[in-house]
Amino acid sequence: MTGTPGNTPESELILAFARANADAAHAARARAALARGIRWELLLRTVELQGVAPLLHVNLGRFCAGEMPLPHAERLRRTCRGIAQLNLRLAGELRRLLQLFEERRVPAIPFKGPVLAVSAYRNLALRRFSDLDILVRECDLKLAQQLLSSLGYVMGYHVPGLEYHFVDETGRITVDLHQKIASSYFPAADNFDTLWARLQPLTIAGGVVRGLSTEDSAFMLCVHLTKDCRARTERLSEVCDVAELVAAEPALPWERVLSRARQAGGERIVLLALWLAGRLLGSSVPQAARQRIESDPQVASLGRIVEQRLLRQLDGSLEYLPHRRENLVEDSRFYLGTRERRGDKARYLLDFVVNRIARRLTPSEQDRRFVKLPQPLHLLYYLVRPIRVARDRLRESPRRRRWTLRLARGGPK
Amino acid sequence: MTPPSERFTVHPKIVSETIDGEVIILNLDRGRYYSLTLAGTDAWSAITRAANAEEIVDALMARYEGSRTQIEQAVGHLLGELSREELIVAFAPGSAEAAAPPANGSVPAAGSTAVRRPFETPVLRAYTDMEDLLLLDPIHEVDESGWPNRLSEDRQPLP
């Protein structure tokens with residue numbers, strides 16, 4: 001392995017073929033990588049984790065047929081067939097759900113998933129997705145939940161103010177019923193009604209579905225990529241989404257996308273996504289964005305952090321972890337960097353402080369175990385908590401207390 | 001062979017997609033998956049454009065080396081199988097299904113200059129749910145130690 005992240009044959013091959021329409025130059029880059037020798041097991045694991053297995057499969061078949069050892073080729077083919085099967089099933093289910101919502105006069109906007117695969121990749125099988133995302137109005141939320149329940153869906157977890165997670169009877173189809181496209185920490189270009197007025201028809205699985213306009217879709221993809229970058233759970237497939245949309249929609253008025261994003265305080269988020277697509281996948285950065293990127297050094301600075309992390313994941317030197325590992329300083333610094341308005345930064349910091357204080361003061365399960373109080377006296381847990389915490393601190397051994405203090409001051413030496 | 005006036009189209013309850021020359025077909029009502037490759041993929045492509053049997057044979061003749069009789073028989077057999085599995089429906093021109101654009105013009109004519117491959121009889125493969133159930137979603141179905149460790153039943157992923 002070399003010292004430069006992403007300079008392994010595997011990452012070269014992935015970056016060459018992580019696109020729906022590879023050309024001769026991409027094929028030449030891929031052949032050069034193949035000539036250096038590929039660790040196929042690592043490659044397959046990486047493309048599966050990064051969500052780009054179908055793109056590799058299609059392009060290997062198109063340009064480098066026979067180069068992959070048979071057992072690995074068979075595994076990749078089976079994986080991609082499985083993805084296609086699942087995507088078809090999800091696409092069919094999306095049509096059924098939207099039809100039901102329409103019959104019951106519940107305006108619903110599908111985003112990501114099948115809509116993204118068809119609009120950006122022009123093929124349902126090329127983008128792996130695992131659930132359906134549907135945005136409804138706040139006032140329709142209850143009815144939408146009832147409709148899903150009437151079809152046998154069961155509600156799982158709920159992210160307050162953002163989404164309700166439903167699973168069907170087979171356990172294979174999940175639907176995220178959204179109140180918002182992203183959490184309130186991230187900018188929303190427009191409200192439901194404005195998005196609704198701009199919906200565009202597209203054909204999914206033989207039926208016409210109305211999805212986000214290309215402009216709204218572009219903004220949504222950039223926001224979701226940045227959201228996952230902040231949590232350090234980004235995947236190459238998300239960068240591909242932006243690159244494929246840029247390629248599929250050459251007439252997309254990026255000036256308007258940027259202008260709307262700027263009004264919502266999310267211009268840097270769009271620029272960051274375009275920077276990553278250009279840097280990692282050679283996507284052509286729209287003219288309107290190029291100048292803005294050059295005049296905002298923060299974009300490249302944030303981009304390089306994500307780029308290095310992704311390249312290390314591609315070359316196998318950094319394990320991909322799907323769940324967020326909370327690192328308040330690192331996450332907050334990245335998040336604050338993506339925001340361009342002082343007000344947004346200040347709101348985040350205020351929320352951050354309030355949440356930290358609230359977390360310290362709010363009674364926990366440990367407090368409830370410490371002393372059992374009847375329901376009418378539950379407010380008293382706010383008084384119980386400091387007593388329980390003080391007791392725990394006193395019980396800590398002096399050695400452990402010293403270690404804890406050292407950790408608080410900057411980690412063990 | 002079916003009557004020349006009879007055209008075929010994809011059943012309304014069917015969704016399909018092509019990846020790397022393989023058509024994956026799903027019957028939404030029955031939940032059954034199918035796949036076609038090589039000549040089967042080309043035949044399906046013609047059917048999506050509402051072709052009749054003769055046009056499907058012409059499309060295959062343009063791409064594969066084989067006698068017309070051999071290809072006609074294979075197409076007849078395939079159309080029968082696809083109909084039995086309710087993946088396609090036959091219709092007469094002028095009926096409601098005829099709204100789909102006909103294959104004329106979009107299916108390459110016999111004698112095309114493209115390199116032709118030896119003809120193999122198309123096989124419609126049926127699958128159970130197996131392959132998509134084998135898939136493990138690296139984002140939603142793994143535990144915190146990472147892929148490929150499956151999330152246990154009692155632990156839901158963090159939002």
Side-chain angles (χ1 to χ4, degrees), chain A residues 45 48-51 54 57-62 65 76-89 91-93 95-96 117-118 123-126 128-131 156-160 162-163 165 170 172 174 176 183 204-207 228 231 233 235 319-325, chain B residues 9-37 41 47-48 87-88 97 100 125-151 153-159:
Chain A
R45 182 182 157 80
E48 285 166 17
L49 278 171
Q50 294 293 329
H57 175 54
V58 162
N59 287 316
L60 275 175
R62 195 180 295 161
L76 183 60
R77 195 178 58 77
R78 281 173 63 88
T79 297
C80 294
R81 186 190 289 142
I83 290 171
Q85 290 176 348
L86 184 58
N87 288 2
L88 285 175
R89 196 200 284 194
E93 183 65 1
R95 265 177 54 190
R96 184 169 84 114
V118 169
N123 185 317
L124 260 179
L126 289 184
R128 177 175 187 150
F129 46 90
S130 51
D131 53 17
Y157 63 78
H158 163 220
V159 186
L162 182 65
E163 67 184 23
H165 184 80
T170 67
R172 290 301 297 167
T174 60
D176 287 339
S183 86
I204 291 180
D228 287 342
T233 57
R235 296 201 295 168
E319 182 69 10
Y320 172 78
L321 294 172
H323 296 295
R324 187 176 167 207
R325 294 282 188 276
Chain B
T9 192
V10 176
H11 193 285
K13 284 291 178 186
I14 294 303
V15 289
S16 68
E17 190 55 277
T18 307
I19 181 164
D20 193 33
E22 179 178 5
V23 187
I24 312 290
I25 305 163
L26 167 62
N27 183 323
L28 290 169
D29 274 354
R30 295 181 178 185
R32 288 194 78 183
Y33 294 105
Y34 304 84
S35 86
L36 287 167
T37 56
T41 301
I47 290 166
T48 61
L87 304 180
I88 61 172
E97 288 87 348
R125 287 182 201 281
Y127 294 89
T128 58
D129 238 8
M130 281 299 284
E131 306 218 22
D132 85 28
L133 288 178
L134 287 174
L135 279 180
L136 186 61
D137 172 14
I139 300 298
H140 297 86
E141 295 171 354
V142 295
D143 72 14
E144 292 194 4
S145 60
W147 193 83
N149 302 311
R150 187 180 280 276
L151 191 74
E153 288 294 315
D154 57 337
R155 297 200 55 202
Q156 286 300 311
L158 295 170

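Since we're looking at a predicted model, the values are computed, not measured.
Here the straight-line distance linking atom CZ of R96(A) with atom CG of L28(B) works out to 9.5 Å at 0.5 Å rounding.
With a 4.5 Å cut-off on side-chain heavy atoms, C80(A) and D20(B) do not count as touching.
Remark: of the listed residues N87(A), L124(A), L88(A), L88(A) is the sole one forming a side-chain contact (heavy atoms from CB on, under 4.5 Å) with V15(B).
Y33(B) and R81(A) share no side-chain donor-acceptor pair at under 3.5 Å.
Heavy atoms closer than 4.5 Å to chain B are found nowhere in I204(A), neither backbone nor side chain. Of the two parts of I24(B), the backbone and the side chain both hold a non-hydrogen atom closer than 4.5 Å to a non-hydrogen atom of chain A.
Here the side chain of N123(A) pairs a donor or acceptor atom with the backbone of T18(B) at under 3.5 angstrom.
The environment of CZ in R125(B) is sparse: at most 12 heavy-atom neighbours from other residues, nucleotides or ligands sit within 6.0 Å.
The minimum heavy-atom distance linking A125(A) with I19(B) is given by the pair O-CD1, 3.8 Å.
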